[in-house]
Trainee: 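I have a structure here, written as structure tokens, and I will follow up with some questions on it.
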Amino acid sequence: MTAPTIVYEDGEALVIDKPAGLSIERPRKGGASLEDYLEDLKLGFQRPPVAVHRLDTDTSGCLLLARNHKALKRFNRAFEERQVAKTYIGLVAGELADDEGTIELALAKVSSAERGWRMIAAKKGKPSITHWERIGRGKSAAGPFSIVRFRPVTGRTHQIRIHALAGLGAALLGDPVYGIGKDAPRTMLHAESLEVTREGKAPILARAPLPADFTALGVDV
């Protein structure tokens with residue numbers, strides 16, 4: 001597993017470029033997790049940093065870490081008050097009919113013994129909003145795909161993945177839950193950028209370069 005790289009650092013925050021395949025929390029079945037790298041990410045501080053939000057294990061890119069307890073509370077509040085702006089690059093299977101739009105679909109969690117848990121679009125779910133724009137096209141061994149930049153307003157579990165399926169009509173390449181799962185080696189979603197507004201301080205601005213599995217498909221944004 002490739003170690004995460006730091007793309008932003010100051011006295012209260014780190015933003016790392018999390019590699020795909022690295023879990024935030026230790027998997028039940030064992031394996032690599034962010035915990036393995038926290039000691040190295042102390043960078044002279046007494047305590048290790050703490051992840052403020054979550055990225056799916058398959059998702060690469062910007063992950064915000066708080067370097068002290070006060071910063072963690074401040075950043076949690078920023079997420080609650082929607083003072084955090086994030087962009088993601090996703091590869092959506094097939095061609096899209098439109099170039100841009102906004103997806104507003106409430107999401108709810110369901111589970112079954114056969115399929116485990118997943119999110120679905122449901123009227124009684126939690127309100128969820130994602131802005132999107134197609135920024136390119138590509139082709140893989142599995143067929144054509146659309147390169148989409150997503151700007152989620154809310155931060156629901158699996159929001160972009162289910163909004164792609166239910167809102168755009170096609171899942172992300174490689175998504176084993178909402179798509180085919182075999183058309184790419186992993187769910188092709190990358191947390192491209194992160195901006196956190198801070199009172200009395202310059203905002204946190206971080207950007208994670210596209211990973212090799214994106215560039216190998218000719219994606220260049």
Trainee: Using only atom types and a distance under 3.5 Å, with no angle test, would you say the side chain of His131 pairs donor to acceptor with the backbone of Val153?
Mentor: no
Trainee: Any donor-acceptor pair under 3.5 Å linking the side chain of Gln159 with the backbone of Ile129?
Mentor: yes
Trainee: Are the side chain of Lys86 and the backbone of Pro152 linked by a donor-acceptor contact shorter than 3.5 Å?
Mentor: no
Trainee: Kindly give the heavy-atom pair with the smallest separation between Ala66 and Ala71, and that separation in Å.
Mentor: CB-C, 4.0 Å
Trainee: Where do Trp132 and Asp98 come nearest, in terms of heavy atoms and distance?
Mentor: CH2-O, 3.4 Å
Trainee: Please step through side chain to side chain contact (heavy atoms under 4.5 Å, CB included) for the pair Ile160 and Thr59, ending with a clear verdict.
Mentor: CA-CA 11 Å; Ile160 292 175; Thr59 302; over 6 Å; no
Trainee: Going hydrophobic residue to hydrophobic residue with side-chain gaps under 4.5 angstrom, can you get from Leu38 over to Leu63?
Mentor: yes
Trainee: Does any N or O in the side chain of Thr187 come within less than 3.5 Å of the main-chain N or O of Leu189, such that one atom is a donor and the other an acceptor?
Mentor: no
Trainee: Within the distance-only criterion (no hydrogens, no angle test), does the side chain of Lys18 pair as donor or acceptor with the backbone N or O of Thr57 below 3.5 angstrom?
Mentor: yes
Trainee: Mind running side chain to side chain contact (heavy atoms under 4.5 Å, CB included) on Asn68 and Arg47 for me, showing each step along the way?
Mentor: CA-CA 8 Å; Asn68 58 64; Arg47 296 181 180 179; over 6 Å; no
Trainee: Determine whether Leu194 and Val50 fall in the same hydrophobic cluster, where Ile, Leu, Val, Met, Phe, Trp and Tyr are linked whenever their side-chain heavy atoms lie under 4.5 Å apart.
Mentor: yes
Trainee: Would you tell me whether Ser193 and Thr87 have side-chain atoms, one donor and one acceptor, within less than 3.5 Å of each other?
Mentor: yes
Trainee: Applying a strict under-4.5 Å side-chain criterion to I, L, V, M, F, W and Y, I'd like to know whether Phe150 and Val219 cluster together.
Mentor: no
Trainee: How far apart are the closest heavy atoms of Arg156 and Ser128, and which atoms are they?
Mentor: CG-OG, 2.9 Å
Trainee: Is Arg161 close to Leu172 at the side-chain level, that is, under 4.5 Å between some pair of heavy atoms?
Mentor: yes
Trainee: Is there a donor-acceptor contact under 3.5 Å from the side chain of Ser33 to the main chain of Glu25?
Mentor: no
Trainee: Are Phe145 and Asp183 side-chain neighbours, meaning at least one heavy-atom pair lies under 4.5 Å?
Mentor: no
Trainee: Restricting to non-hydrogen atoms, name the atom on Ala121 and the atom on Ala166 that form the minimum distance, rounded to 0.1 Å.
Mentor: CB-CB, 4.3 Å
Trainee: Given 3.5 Å as the limit, does a donor-acceptor pair link the side chain of Arg134 with the main chain of Leu96, or not?
Mentor: yes
Trainee: Could you see if Leu168 belongs to whatever hydrophobic cluster contains Leu91? Use Ile, Leu, Val, Met, Phe, Trp, Tyr and a side-chain cutoff under 4.5 Å.
Mentor: no
Trainee: Can you get from Leu34 to Leu64 by hopping between Ile, Leu, Val, Met, Phe, Trp and Tyr side chains that sit under 4.5 Å apart?
Mentor: no
Trainee: By the definition salt bridge (Lys or Arg N to Asp or Glu O under 4.0 Å), identify the one residue from Asp213, Asp58, Asp56, Asp175 that meets it with Arg186.
Mentor: Asp213
Trainee: Could you tell me which non-hydrogen atom of Val7 sits nearest to which non-hydrogen atom of Ala206, and how far apart they are?
Mentor: CG2-CB, 4.1 Å
Trainee: Would you mind telling me which of Lys70, Lys73, Arg67, Arg198 makes a salt bridge (Lys or Arg N to Asp or Glu O under 4.0 Å) with Glu12?
Mentor: Arg198
Trainee: Keeping the roles fixed (side chain from Ser146, backbone from Val148), state whether a donor-acceptor pair exists under 3.5 Å.
Mentor: no
Trainee: Step by step, work out the ring pair (Phe, Tyr, Trp, His ring centres under 6.0 Å) result for Tyr178 and His158.
Mentor: CA-CA 10 Å; Tyr178 306 104; His158 291 185; 5.5 Å; yes
Trainee: Got Pro209 and Asp17 here, is their nearest side-chain heavy-atom distance under 4.5 Å?
Mentor: yes
Trainee: Looking at Glu199 and Arg74, is there a salt bridge between them, counting it only when a charged N and a carboxylate O are closer than 4.0 Å?
Mentor: no
Trainee: Take Asp36 and Arg26 through the test side chain to side chain contact (heavy atoms under 4.5 Å, CB included) and record every step on the way to the result.
Mentor: CA-CA 9 Å; Asp36 298 326; Arg26 184 73 64 190; 2.7 Å; yes
